[in-house]
A.B. asks: 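Got a structure here, written out as structure tokens. Questions coming.
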Amino acid sequence: MPDAATLVEALVSRTAQLLGVTDAARAVADQTAGSARAAACAVLVPDGAGWRVSGGHGLRAAERSLVLEASHWLVEALQSADRPILLQSSDLARRPGGVPLASWRHLLVAPVPRTRVFIVLARAGDDEPFGPEDVHALAGPLTRAAPMLRAAMQVRHLARLLAPLRDVPPGP
């Protein structure tokens, strides 16, 4: 087993290959939105006890900092779901709590396999609702996105573990 110095040197030499959660979420948003012909997308990544909007496009300013708690109805529904959920604006109007992109008429919310990450895709009212063909079109991109998202969450975890080791000068 390599010593700590060797491990650190190997990691430092490969930092350009590491993606943070925000960059990974943006990439996943672009890939999945294109596959499902969505006009907007939000990527909800687990962070502590909640799920944080970590990337996307077509988001309102308030949605960019949205965090859903584990008890939120959407999180509870998705944790027990093994496939995407189709929502219409009328479905959202009857539910409490903020959902990213809830102002859009048609939503498709999908879990990313083996990550606890959720993707919210949206289409406007004039567009056709999401259907089974869109769910099918997402299967490949979501499966391919999983390793990148898992790695990004591990990088975030490592960065947080290393944060106390920073050489920060004392304040004034």
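Predicted model only: the values in this text are computed from it and were never measured. Position 1 is the first residue of the sequence; numbering continues from there.
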A.B. asks: Return each pair, listed once, that meets ring pair (Phe, Tyr, Trp, His ring centres under 6.0 Å) where at least one residue sits in residues 17-70; pairs must be two or more places apart or across chains.
C.D. replies: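 Qualifying pairs, neighbours excluded: Trp51-Phe118.
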A.B. asks: Evaluate whether atom CD of Glu9 has more than 12 neighbouring non-hydrogen atoms of other residues, nucleotides or ligands under 6.0 angstrom away.
C.D. replies: no
A.B. asks: List the atom of Pro129, the atom of Asp134, and the distance in Å for their closest heavy-atom pair.
C.D. replies: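 Minimum heavy-atom separation between Pro129 and Asp134: O-OD2, 4.2 Å.
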A.B. asks: Considering all heavy atoms of both residues, which atom of Val75 and which atom of Ala70 are nearest to each other, and what is their separation?
C.D. replies: CG1-O, 3.7 Å
A.B. asks: Any donor-acceptor pair under 3.5 Å linking the side chain of Asp47 with the backbone of Gly50?
C.D. replies: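 Judged by distance alone, no pair lies under 3.5 Å.
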A.B. asks: Check whether any side-chain heavy atom of Val45 sits under 4.5 Å from a side-chain heavy atom of Arg52, and report yes or no.
C.D. replies: no
A.B. asks: Is there a path from Val117 to Val155 through hydrophobic residues (I, L, V, M, F, W, Y) whose side chains come within less than 4.5 Å of each other?
C.D. replies: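 No.
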A.B. asks: Between Ala110 and Leu138, which heavy-atom pair has the shortest distance, and what is it?
C.D. replies: CB-CD1, 4.4 Å
A.B. asks: Rounded at 0.5 Å granularity, tell me how far CG in Leu11 sits from CG in Leu158.
C.D. replies: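 Separation between the atoms: 6.0 Å.
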A.B. asks: Looking at CG of Leu107 and CG of Leu101, how far apart are the two atoms once the value is rounded to the nearest 0.5 Å?
C.D. replies: 6.5 Å
A.B. asks: Which pair of heavy atoms, one from His106 and one from Glu128, lies closest together, and at what distance?
C.D. replies: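 Between these two residues, the closest heavy atoms are CD2-O, 4.1 Å.
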A.B. asks: Counting only N and O atoms by type, is there a donor-acceptor contact under 3.5 Å from the side chain of Arg166 to the main-chain atoms of Ala163?
C.D. replies: yes
A.B. asks: Could you give the distance from CG (Leu121) to CZ (Arg37), rounded to the nearest 0.5 Å?
C.D. replies: 11.5 Å
A.B. asks: Please list, chain by chain and in numerical order, all residues satisfying side-chain contact (heavy atoms from CB on, under 4.5 Å) with Gln17, sequence neighbours excluded.
C.D. replies: Arg14
A.B. asks: Can you name the nearest heavy-atom pair linking Ala27 to Met148, along with the distance?
C.D. replies: CB-CE, 4.0 Å
A.B. asks: Please examine the side chains of Val53 and Arg64, heavy atoms only from C-beta on, and report whether any two atoms are closer than 4.5 Å.
C.D. replies: no
A.B. asks: Given Ile119 and Val112, is the side-chain contact (heavy atoms from CB on, under 4.5 Å) satisfied, shown in steps?
C.D. replies: CA-CA 7 Å; Ile119 308 294; Val112 178; 3.7 Å; yes
A.B. asks: Among residues two or more places apart or on two chains, list those pairs meeting ring pair (Phe, Tyr, Trp, His ring centres under 6.0 Å) that have a residue in residues 18-50.
C.D. replies: none
A.B. asks: Hey, could you give me the CG/CZ distance between Leu161 and Arg156, rounded to the nearest 0.5 Å?
C.D. replies: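 Taking CG in Leu161 and CZ in Arg156, the distance rounds to 11.5 Å.
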A.B. asks: Answer whether the closest heavy-atom distance between the side chains of Val120 and Cys41 falls below 4.5 Å.
C.D. replies: no
A.B. asks: Any idea which heavy atoms bring Ser35 and Gln31 closest together, and the distance?
C.D. replies: OG-O, 3.0 Å
A.B. asks: In a check of side chain to side chain contact (heavy atoms under 4.5 Å, CB included) between Ser54 and each of Val28, Val21, Asp23, which one passes?
C.D. replies: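 It is Val21; the other options fail the test.
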A.B. asks: As an exercise, state the distance from OG1 of Thr115 to CG of Leu142, rounded to the nearest 0.5 Å.
C.D. replies: 8.5 Å
A.B. asks: Measuring from atom NE2 of His72 to atom CG of Leu44, what distance do you get when rounded to the nearest 0.5 angstrom?
C.D. replies: 9.5 Å
A.B. asks: Would a single hydrophobic cluster contain both Trp104 and Trp73, if residues Ile, Leu, Val, Met, Phe, Trp and Tyr are joined by side-chain heavy-atom contacts under 4.5 Å?
C.D. replies: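 Yes, one cluster joins them.
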A.B. asks: Does Arg83 use its side chain to pair, donor to acceptor, with the backbone of Val135 at less than 3.5 Å?
C.D. replies: no
